Number of protein chains: 2
Amino acid sequence: MAMGPSDGTAGLGGTKGLFSPVSVDRISEVIVEQVRLLIREGKLVPGDRLPSERSLCEQFGVSRVTVREALRVLEASGLVEIRVGARGGAFVVQPSSERVGKGLAELMTLASMTAGDVTEARMVFELGILPLVVERATEEDIADLRVLVEQGLNALESGSYTMAMSAAFHVRVASAAHNPAIEMLVQTFHGPMLMSLQQAHVAAPLMGPRGAHEHFELVEAIEQRDLERARGIMTRHLQRTADRLADYQDPRLENLDGEE
Amino acid sequence: MAMGPSDGTAGLGGTKGLFSPVSVDRISEVIVEQVRLLIREGKLVPGDRLPSERSLCEQFGVSRVTVREALRVLEASGLVEIRVGARGGAFVVQPSSERVGKGLAELMTLASMTAGDVTEARMVFELGILPLVVERATEEDIADLRVLVEQGLNALESGSYTMAMSAAFHVRVASAAHNPAIEMLVQTFHGPMLMSLQQAHVAAPLMGPRGAHEHFELVEAIEQRDLERARGIMTRHLQRTADRLADYQDPRLENLDGEE
DNA sequence: TTGGGCAAATGGTCTGATTATTTGCTAGTA
DNA sequence: TACTAGCAAATAATCAGACCATTTGCCCAA
């Protein structure tokens, strides 16, 4: 018996009419909302496994197709991860800032946003967090940064320096502010850059010796808790990015390889 | 003939082995990637309509279920919008920062991110962009802000002030920086706040007369291009949010109603 | 000219089946 | 006993063909 969406509540809600919208549409969406709620309420925590598709069919009283569409949406939203095979199924995942940033980066590349726009936002943000970084950086933070600088210098010599390494450095600096929201945002900035670089096949080394040395100096300034010096270095460092971008005729994201 | 995912490439790629992952899985994902690419390349622009489900089935040589799952993912990603009925179908949408922020907000509330974290990030960002705002705000920007302040004051008197209004004001201020990246990020900050407020059923007026007056003063300072004054006002304004948040025992996002 | 109604297009859903993959257990062998 | 090969079960991925609900546009009648 193929039933249409007319009785879309599918036994949910039932007697009480406290539905927010007039949504008599899309059973799968109702399922998504239920699961979402369970996750928000903490009744489902990362690592938990949802019932199998067939179980969910029975519990919701819908067909497998509908359940699968709901799972697809949940997966695309970064809430669950689906594994096949025995002991497989839908597992609730811990939403990482990385995962969040990915989605955001995707849309930033689509939005009408120039490389200059992104660079300017970086200027504001990465300079703005420096006081926090200088104040809060731990020995571990600094040790990590030293390693990254070291790797950068080595890669530079062997000509294998990539933008990803530069991005990793900047993100690691931001994480020294010890604020997940800030870390996520910085990650977001670098996402679209890396993405567009991959698209443009510009994996070539773009970091000059000067930029690498600035990374080194920045770590030193952070270690010495010298905010003014750190600010000066970062300003120069980012400014050169901006300048290089200005050289392009069409400074859209495709050309976001100005990081030196 | 029910064929499994063994030939999951579905005729794509074919001879050349330049697939990024080993992803021989999930035909629907391949379809998603194709459409995504078309959108990125500008071959599909907002407003365009994808072929109907049944057409896509033929073109891709897959079943409707598979196509539908791909469409679900694209829809959840905010790339297309699906309308039913004749002349319906999947339409490419302009990815707005609002649409993006929604999904993002969801994940941010789930991520281990406290209200304090978000507030601190706001401090950095909203203070950091003030120089740009003061420099670039147009008469239109200021007129819009005046309207928002007016509405806020009226709502305050009638007791109908909502957090959404405060958020709208802050976002509008950010948009006066005339940088899409910045606007989008500020919107991202406010998304999770609104969401958690709705969850906590705290739609009540939280904006004190003091906060509303600060909004008014801020607009004035922007109009006068008085950066220092604007900075002072914004600092006080956000600081009170931080202070209020500190009163909570568990300052998680559920309590992100500190905006006054 | 206008209104009603019918038909086509289209998404939403159902049913029942096959295939591929993973896991765990079992039996056979050294 | 220990180890490996292989089979069985669980599970997601997909297919095929059907029916329902909604929207749009057109045609015909008043």
Side-chain angles (χ1 to χ4, degrees), chain A residues 1-12 21-33 35 48-76 79-93, chain B residues 1-12 21-33 35 48-76 79-93:
Chain A
M1 186 255 303
M3 86 178 170
S6 66
D7 63 342
T9 56
L12 315 167
V22 277
S23 162
V24 201
D25 269 13
R26 211 99 86 142
I27 301 178
S28 64
E29 208 55 43
V30 178
I31 297 178
V32 169
E33 222 36 65
V35 175
D48 282 0
R49 174 178 174 276
L50 269 59
S52 74
E53 291 183 357
R54 288 173 178 85
S55 291
L56 289 171
C57 293
E58 293 177 12
Q59 295 184 36
F60 283 108
V62 300
S63 84
R64 259 189 88 205
V65 178
T66 306
V67 168
R68 283 178 59 78
E69 292 192 359
L71 290 177
R72 271 296 143 26
V73 173
L74 289 169
E75 190 185 29
L79 293 179
V80 305
E81 174 191 59
I82 291 169
R83 299 204 275 269
V84 298
R87 292 319 190 102
F91 294 81
V92 179
V93 302
Chain B
M1 185 261 296
M3 89 177 167
S6 67
D7 63 344
T9 55
L12 315 167
V22 277
S23 162
V24 201
D25 267 14
R26 218 86 94 150
I27 301 177
S28 64
E29 208 55 42
V30 177
I31 297 178
V32 169
E33 224 35 65
V35 176
D48 282 0
R49 174 178 175 276
L50 269 59
S52 73
E53 293 184 357
R54 289 172 178 84
S55 291
L56 289 172
C57 292
E58 292 178 14
Q59 294 184 38
F60 284 108
V62 300
S63 85
R64 238 184 113 203
V65 176
T66 306
V67 168
R68 282 178 60 77
E69 292 192 357
L71 290 176
R72 274 298 162 331
V73 173
L74 289 170
E75 190 186 27
L79 292 179
V80 305
E81 173 191 60
I82 290 168
R83 298 204 276 268
V84 297
R87 293 317 191 102
F91 294 82
V92 178
V93 300

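Quick note on labels: first sequence line is chain A, next is B, and so on, each numbered from 1. Owing to the predicted nature of the structure, the values given are computational and were not obtained by experimental measurement.
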Whole angstrom is fine here: how far is it from [atom1] in [X] over to [atom2] in [N]?
X	N	atom1	atom2	result
B:Glu58	D:dA16	CD	C1'	14 Å
A:Arg49	C:dT22	CZ	P	16 Å
A:Phe60	C:dT13	CZ	P	13 Å
A:Arg26	C:dT10	CZ	C1'	13 Å
B:Leu74	C:dG11	CG	P	14 Å
A:Glu53	C:dT18	CD	C1'	15 Å
A:Leu50	D:dT11	CG	P	13 Å
A:Ile31	C:dC14	CD1	C1'	13 Å

Open item on the list: With a 4.0 Å cutoff (strictly under), does any side-chain N or O of B:Arg87 reach OP1 or OP2 of C:dA9?
Closed with: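 No, outside the criterion.
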
Open item on the list: Please tell me if A:Arg68 has a side-chain N or O lying less than 4.0 Å from either OP1 or OP2 of D:dA13.
Closed with: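 True: A:Arg68 side-chain N/O within range (under 4.0 Å) of D:dA13 OP1/OP2.
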
Between [options], which nucleotide gets closest to the side-chain atoms of [X]?
X	options	value
A:Glu69	C:dG11, D:dA12, C:dT13	C:dT13
A:Thr66	D:dC15, D:dA12, C:dT13	C:dT13
B:Val62	D:dC15, D:dT14, D:dT11	D:dC15
B:Ser52	C:dT10, C:dC14, D:dA13	C:dT10

For the residue pair [X] and [Y], what are the closest heavy atoms and their distance?
X	Y	value
B:Ser28	B:Ala70	O-CB, 3.5 Å
B:Leu71	B:Glu53	CD1-CG, 3.8 Å
A:Arg64	A:Cys57	CG-SG, 3.2 Å

Open item on the list: With a 4.0 Å cut-off on N to O distance, would you call A:Glu33 and A:Arg26 a salt bridge?
Closed with: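 No, no charged N to carboxylate O under 4.0 Å.
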
Task: Residue mapping more 5' on DNA chain D - nearest nucleotide basis, A:Ser55 or B:Ala86 - done: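 The residue closer to the strand's 5' end, by nearest nucleotide, is A:Ser55.
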
Task: Toward the 5' end of DNA chain D, by each residue's nearest nucleotide, A:Ala90 or A:Val65 - done: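 This one resolves to A:Ala90.
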
TODO: Classify the side chain of B:Arg54 versus the base of C:dG11 as yes if they form a donor-acceptor pair under 3.5 Å and no if they do not.
DONE: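 Side chain to base: pair present.
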
Task: Polar side-chain contact B:Arg64-C:dG12 base: donor and acceptor under 3.5 Å - done: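 Between C:dG12 and B:Arg64, which were checked side chain against base, a qualifying N/O pair under 3.5 Å is present.
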
Open item on the list: Any base atoms under 4.0 Å from B:Arg83, or only sugar-phosphate, or nothing? Heavy atoms, all strands.
Closed with: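 Sugar-phosphate only.
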
Open item on the list: Please classify the nucleic acid contact of B:Leu71 as base, sugar-phosphate, or nothing, using heavy-atom distances under 4.0 Å.
Closed with: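 The answer is nothing, as B:Leu71 stays clear of every strand by at least 4.0 Å.
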
Task: Full working for side-chain contact (heavy atoms from CB on, under 4.5 Å) between A:Val35 and A:Leu50 - done: CA-CA 9 Å; A:Val35 175; A:Leu50 269 59; 4.1 Å; yes

